[in-house]
Structure formats: C-alpha cells, structure tokens
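Structure record follows, encoded as structure tokens.
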Amino acid sequence: MRLKNHSSVSEFLLLGLPIRAEQSGIFFSMFLAMYLTTVLGNLLIILLIRLDSHLHTPMYFFLSHLAFTDISFSSVTVPKMLTKVPNQNIPITYEGCVSQTYFFIFFADLDSFLITSMAYDRYMAICHPLNYTTIMNQSRCATLVAISWIIASACALLHTLLLDQLSFCADHTIPHFFCDLGALLKLSCSDTSLNQLVIFTAGLAAIMLPFLCILISYGHIGFTILQVPSTKGICKALSTCGSHLSVVALYYGSIIGLYFLPPSNSTINNNIVASVMYTVVTPMLNPFIYSLRNKDMKGALRKLLSKKVEFSN
C-alpha cells in the first residue's frame, strides 16, 4: 500500500505512558516481564496443541490461532512502548504510525472473530452434540479462521486508507503509547465525519455483533445446561466454557468500556489504562486462564514435562 502524506507530516510524537521519570525503571521491568510472559505463555499453548494429539480438536484449533493472534497483537504496541518508558517523547515516522494502526486494528478484530468462533464451537458441542463432529469438521474450522482473517484485514485496510487521506495540523503530538486511530483523528485538520462513521459501523460489525453472537450462543448453552438432569453433567458443561467466558469478559469488557461507553468522565490517562488492559494484560492472562482452568491443557503440560524429565535422565 503506497502512503500519500497530504500534509507533509514526516513523523508523530508519542508521549508514551503517563509516568514519572523515577518510576520508569519499575514500569519498564514490569511491562517487559508481562510481554515476555505473553509471548512465552502463548507459544507454550501453541506447542502443547501441536504436540498432543488429544488436543487436535476444533476448540484447540481455534485456541492455537487465538494464541498466535495474542502474541502478534501485543507485539504491535508493547516493544515500541518499552523503548519509550525510559525515554518518553520518542518520535515515530508517519509510515510507521499508519502501519501500526493497521496491524493494531487487524489483530484486534481478528481476536474478536476468533473468540466468536470459539463460542460457536462450544454452542455446537453442548447444544448439538450428535451433529458436532459432522458440522465442526476440519474444513469448516479452517473456513471460519480464513473468513476471520479476510474480514479483519478488510476492516483494517479500510480504516488505514481513510486515515491516509487526512491532513494533519501543526501539532503532531499523540497523547498515547501507540498510534491510536481516535487520537490520530483528533490531530487532523480535515473533515473526519466519514472516518467516524466507518469507525462506528465497523465497530458494530467487528466488536458488538460478535459480542452479541457470543451472548446468544451462551444463552442457548445455559438453557441446554439447565435441562441436564445430573449435577455431573452441569459441571462438565461449565468446565468446557469457563475458560472461554473468562477471556470474553476480559477482552470485551475492556474494549466496550473504552470505546462504547459515554466519555463524559473519561480522561486521557483512563483511556491509556484501559488500552493497557486489553493490549498488554489480557493477552498475558489468556495462557493462565486456559492452563489453570483446563484439565486437557494441564494434562498436556504434565506429559511434556514428564517427557523432558525422562529425556534428561
């Protein structure tokens, strides 16, 4: 994609995190540890799913793609943020800023679609168990992932192309730790009504509509669970959904709180904290959620560790 800068902007200035200089060392260490945990934890999930044949199911197929997406999503913003913790106000080129915006939107939307696919998988497994293996075959799962990638890419490309048509004012300072689309629009001297309309429309299509589908899926799941006569059956059904519901609450709770609630009492610092929640904290917590609350993942991890011990002996 060829970028055309209509306002001769060569770079933007990211202000980074609102922290004092004496706190930079602590925050740098904390965010570096969180980022490494995100990368290593999600890589471990991908490795376990790859090595353990018992995890070659639709649910873990989607989970492996979600783990890859979480690594990529966090990598779009966190490494650049870490360079700004010890030295705030480091510039980013215009091309770099637009590229960061594209990949941020792409992986955020892809996360949403993959989480929705996982909800559909749980719906089919619990509400239609007899047809589950027939419907959720390998081809269907691959198609759902491919569609997620295509739609997410199209949404991100649309936002980026519209952003590239804008002119920017003399102030090129972005009060954020990454090139947030909303913050960039506030710096523009052009009419951003079309951009705002696309943000609202695409936000409904990529965030709120999938979230509604998840709620409907779990509504049907809840109704089905209540019809299970045994307590054991209820516990088993809940155990398969608990991890996914935790991820749904973390991901959509942060995004809806940041972008869809009234901004009357919102401040820049509050927006940055909310952004840290879903760009840094949520991808880091996903491996813990799926490993600590999932018997299959814990079993696969024990097998891997036991093989390692046997090999070392």
Side-chain angles (χ1 to χ4, degrees), residues 1-32 34-35 38 72-108 156-196 198-199 203 254-255 257-259 263 265-281 283:
M1 181 176 64
R2 184 172 177 266
L3 299 177
K4 297 180 180 179
N5 192 339
H6 297 288
S7 58
S8 300
V9 177
S10 60
E11 63 182 25
F12 291 98
L13 192 66
L14 293 172
L15 296 185
L17 298 171
I19 59 176
R20 294 190 293 269
E22 60 270 18
Q23 298 175 322
S24 62
I26 298 174
F27 277 92
F28 178 83
S29 300
M30 181 178 67
F31 284 116
L32 177 61
M34 294 172 70
Y35 177 65
T38 298
S72 304
F73 185 43
S74 188
S75 298
V76 169
T77 57
V78 178
K80 192 71 176 178
M81 179 183 70
L82 289 174
T83 65
K84 300 180 186 305
V85 173
N87 300 295
Q88 299 289 306
N89 305 343
I90 295 179
I92 181 173
T93 64
Y94 175 85
E95 291 79 7
C97 191
V98 173
S99 298
Q100 188 183 58
T101 302
Y102 171 83
F103 285 109
F104 179 85
I105 297 172
F106 170 69
F107 287 116
L157 184 61
L158 177 60
H159 285 299
T160 307
L161 290 176
L162 289 175
L163 175 65
D164 189 46
Q165 303 304 311
L166 300 179
S167 298
F168 292 92
C169 304
D171 184 11
H172 301 154
T173 303
I174 302 176
H176 219 302
F177 63 89
F178 69 96
C179 292
D180 179 64
L181 181 60
L184 286 170
L185 294 184
K186 292 178 181 179
L187 298 180
S188 175
C189 300
S190 307
D191 180 15
T192 61
S193 56
L194 178 59
N195 301 73
Q196 298 289 352
V198 172
I199 289 175
S254 300
I255 290 184
L258 179 60
Y259 293 109
N265 297 323
S266 178
T267 64
I268 293 176
N269 288 354
N270 289 340
N271 289 343
I272 292 177
V273 171
S275 298
V276 169
M277 277 297 298
Y278 77 88
T279 59
V280 182
V281 178

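Quick note: numbers below take in every heavy atom, side chains included, and nothing from hydrogens, waters or symmetry partners. Model, not experiment: these values are computed from the prediction.
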Is there a side-chain contact between His172 and Leu13 (heavy atoms, below 4.5 Å)? no
Which value, rounded to the nearest 0.5 Å, describes the distance between Phe168 atom CZ and Lys186 atom NZ? 14.0 Å
Step by step, work out the side-chain contact (heavy atoms from CB on, under 4.5 Å) result for Asp180 and Ile174. CA-CA 8 Å; Asp180 179 64; Ile174 302 176; 5.7 Å; no
Rounded distance [0.5 Å steps], CZ in Phe31 versus CG in Leu82: 8.5 Å
May I have the step-by-step check of side-chain contact (heavy atoms from CB on, under 4.5 Å) for Phe107 and Ser72, ending in yes or no? CA-CA 7 Å; Phe107 287 116; Ser72 304; 3.3 Å; yes
Taking all heavy atoms of Gln100 and all of Ile92, pick out the closest pair and write down the distance. OE1-CD1, 4.3 Å
Counting C-beta onward and ignoring hydrogens, is there a side-chain heavy-atom pair between His159 and Leu181 closer than 4.5 Å? yes
How long is the gap from CG on Leu162 to CG on Leu166, to the nearest 0.5 Å? 7.5 Å
Can you tell me how far the CD atom of Gln165 sits from the OG1 atom of Thr192, to the nearest 0.5 Å? 14.0 Å
Show the numbers, then the answer: is there a side-chain contact (heavy atoms from CB on, under 4.5 Å) between Glu11 and Tyr94? CA-CA 5 Å; Glu11 63 182 25; Tyr94 175 85; over 6 Å; no
Can you tell me how far the NE2 atom of His176 sits from the CZ atom of Phe12, to the nearest 0.5 Å? 14.5 Å
Could you tell me if the side chain of Ser74 sits less than 4.5 Å from the side chain of Thr279, heavy atoms only? no
Can you measure from CZ (Phe104) to OG1 (Thr77) and round to the nearest 0.5 angstrom? 6.5 Å
Using every non-hydrogen atom in the two residues, find where Ser190 and Ser167 come nearest and quote the distance to one decimal. OG-N, 2.8 Å
Side-chain donor/acceptor of Ser188 to backbone N/O of Leu185, under 3.5 Å: no
Does atom CD1 (Ile26) have a neighbourhood of more than 12 heavy atoms from anything else shown, all under 6.0 Å? no
Pair Val98-Cys179, side-chain contact (heavy atoms from CB on, under 4.5 Å): steps then yes or no: CA-CA 7 Å; Val98 173; Cys179 292; over 6 Å; no
Main chain of Gly96, side chain of Thr93: is a donor-acceptor contact present, judged purely on distance under 3.5 Å? yes
Any idea which heavy atoms bring Lys80 and Pro91 closest together, and the distance? NZ-O, 4.1 Å
Could you tell me whether the side chains of Asp164 and Tyr102 share a donor-acceptor contact shorter than 3.5 Å? no
Within the structure provided, determine whether Ser275 and Phe177 are in side-chain contact (heavy-atom separation under 4.5 Å). yes
Check Thr38 against Val280 and note the closest heavy-atom contact, atom names and distance. OG1-O, 4.0 Å
Could you tell me if the ring centre of Phe73 sits under 6.0 Å from that of Phe103? no
Heavy-atom check, side chain of Val276 versus side chain of Leu17, under 4.5 Å: yes
